[in-house]
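Single-structure report; data block below.
Order of the sequence lines fixes the chain letters, A, B, ..., with proteins taken first and strands second; residue numbering starts at 1 for each chain. Every value quoted in this text rests on a predicted model; they were computed, and no experiment measured them.
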Protein chains: 2
Amino acid sequence: MIKAFVFDAYGTLFDVQSVADVTEQAFPGHGEIITQIWRMKQLEYSWLRSLMGDYRDFWTVTREALTYTLGVLGLSPTATLFDDIAEAYNRLAPYPDAVAALGGLSGVHRAILSNGSPQMLDPLVGGSALRDLIETTISVDEKRAFKPDPRAYELVEERLGVKPHEVIFVSSNGFDIAGAKRFGFRVARIARLPQAALAQEVAEEMTGALRPVTFYKALRTQEEALGYAPDFTVSSLADLSRLAVAA
Amino acid sequence: MIKAFVFDAYGTLFDVQSVADVTEQAFPGHGEIITQIWRMKQLEYSWLRSLMGDYRDFWTVTREALTYTLGVLGLSPTATLFDDIAEAYNRLAPYPDAVAALGGLSGVHRAILSNGSPQMLDPLVGGSALRDLIETTISVDEKRAFKPDPRAYELVEERLGVKPHEVIFVSSNGFDIAGAKRFGFRVARIARLPQAALAQEVAEEMTGALRPVTFYKALRTQEEALGYAPDFTVSSLADLSRLAVAA
């Protein structure tokens with residue numbers, strides 16, 4: 001029996017691409033590439049710091065990734081502009097399907113398990129329309145371990161009192177899907193971009209160059225080949241409500 | 001006193017871009033994007049498997065990354081073609097400056113410490129002109145941990161009998177530089193692509209799209225913002241010989 005739906009935040013409930021307005025306004029013409037490299041490096045740094053045994057919270061990670069990104073592009077923000085760009089990560093837009101999807105889940109716990117630090121998640125969730133639809137927002141920070149480290153996923157049982165098999169963990173991030181599945185959750189993958197559509201997009205741009213966002217999509221939006229397939233794959237958060245019954 | 005130069009293999013002594021002929025021949029027009037996504041996912045999967053506590057050797061990781069890459073692009077190789085592409089990773093070309101650089105280091109240990117499994121490193125090193133210039137090739141495989149996990153770097157002292165501060169660790173990979181530096185080695189970064197040249201390359205392509213290799217370079221060739229700067233930065237392996245004295 002399913003007792004809880006636990007959601008990834010960045011990329012699943014909140015659109016990480018929604019920083020693009022801020023990055024473009026800060027450095028016109030560079031918005032897209034900043035957005036893509038920043039997100040890629042943010043994830044990479046969370047993994048590398050975990051591997052190096054050198055944890056820093058996700059806010060530090062997010063800022064270090066932005067430092068890298070602007071540095072490789074040869075862009076030099078003032079300290080104020082840098083802070084303004086970084087802060088955009090704490091005001092990400094929820095996906096359009098998030099409110100209705102969360103509202104449609106009744107009789108189960110609805111929680112977030114995120115790499116974000118509490119100082120990021122408080123304004124992100126609290127400042128969004130999802131605020132009253134999420135019962136508990138859990139940050140991995142207290143474990144000092146980022147997903148897909150199993151210690152991060154342990155927080156769900158510790159905080160909600162539900163066993164892994166009683167959870168449907170919802171994510172659109174391949175690494176998170178693999179990690180959650182290996183941990184023992186039932187996992188629903190939000191597949192917003194079908195593989196065929198992505199392949200088509202790549203093919204159309206392949207005359208020589210890809211937009212950075214297309215390269216990003218090719219790296220980050222598809223199911224990983226790590227041997228941990230999700231239990232459910234849906235194309236929208238809106239399709240989740242039927243899983244509580246089906247599972 | 002410096003007693004050993006220890007080299008990263010993939011990207012430092014051997015050019016990971018040199019699989020491009022094979023990938024392009026296998027899927028004409030797709031060679032470059034296969035090459036870039038494959039390498040990105042190969043590294044990512046090594047980190048994710050470590051974090052998930054689900055180690056597989058680097059040959060498995062390399063093949064899983066290729067599976068992902070061809071999958072997102074909608075390409076369906078025969079089993080034989082898949083094997084042929086994967087095997088290209090075991091015949092990478094050494095960088096042109098590698099032979100002279102290794103030959104110019106005398107009176108010190110010269111070793112490789114690589115994520116590669118022994119079954120990959122044996123043909124790679126043994127089949128190359130570096131064979132007689134490398135004294136010991138160390139695979140992280142026996143630790144079942146990939147760089148930048150500190151356990152991987154411990155192998156240097158265990159196998160060569162030298163203390164971390166007696167080692168100059170040489171890498172062009174940012175994650176490896178950060179990991180080796182945090183571990184305690186003296187670290188030399190091979191910076192083949194100056195930041196200004198990269199920024200210029202990005203700017204020239206920024207009319208809308210980047211070649212995948214440029215996006216790759218922006219993500220993988222520059223020093224990381226992780227707080228672990230290398231002790232030395234040189235633009236070519238050829239510049240290493242002076243470090244043994246300078247250090």
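Of the atoms belonging to A/Ala178, heavy atoms from both backbone and side chain fall under 4.5 Å from chain B. Neither the backbone nor the side chain of A/Arg151 comes within less than 4.5 Å of any heavy atom in chain B. For chain B, no part of A/Gln200 is nearby; none of its heavy atoms comes within less than 4.5 Å.
For chain B, the option among A/Arg49, A/Glu223, A/Met40 with the highest count of heavy-atom pairs below 4.5 Å is A/Arg49. Top candidate by heavy-atom pairs under 4.5 Å with chain A, chosen from B/Glu201, B/Gln36, B/Lys41, is B/Lys41. Ranked by heavy-atom pairs under 4.5 Å with chain B, the list A/Thr60, A/Thr67, A/Ile33 is led by A/Ile33. Note: A/Asp54 leads A/Leu198, A/Val61, A/Asp54 in heavy-atom pairs under 4.5 Å with chain B. Interface check for chain B: of the options A/Arg63, A/Lys147, A/Glu224, A/Glu64, the most heavy-atom pairs under 4.5 Å are formed by A/Glu224. With respect to chain B, the highest number of heavy-atom pairs below 4.5 Å among A/Ala199, A/Gly29, A/Gly74, A/Pro148 belongs to A/Pro148. With chain B as the partner, the residue from A/Leu43, A/Leu48, A/Asp149 showing the most heavy-atom pairs under 4.5 Å is A/Leu48.
Contact of the B/Glu44 side chain with the A/Trp47 side chain is registered, since non-hydrogen atoms from C-beta on lie closer than 4.5 Å.
Counted within 6.0 Å of CD on B/Glu142, heavy atoms from surrounding residues, nucleotides or ligands total more than 12; the atom is thus considered enclosed.
Of all the heavy atoms in A/Leu51 and B/Pro150, the pair that sits closest is O-CD, 3.4 Å.
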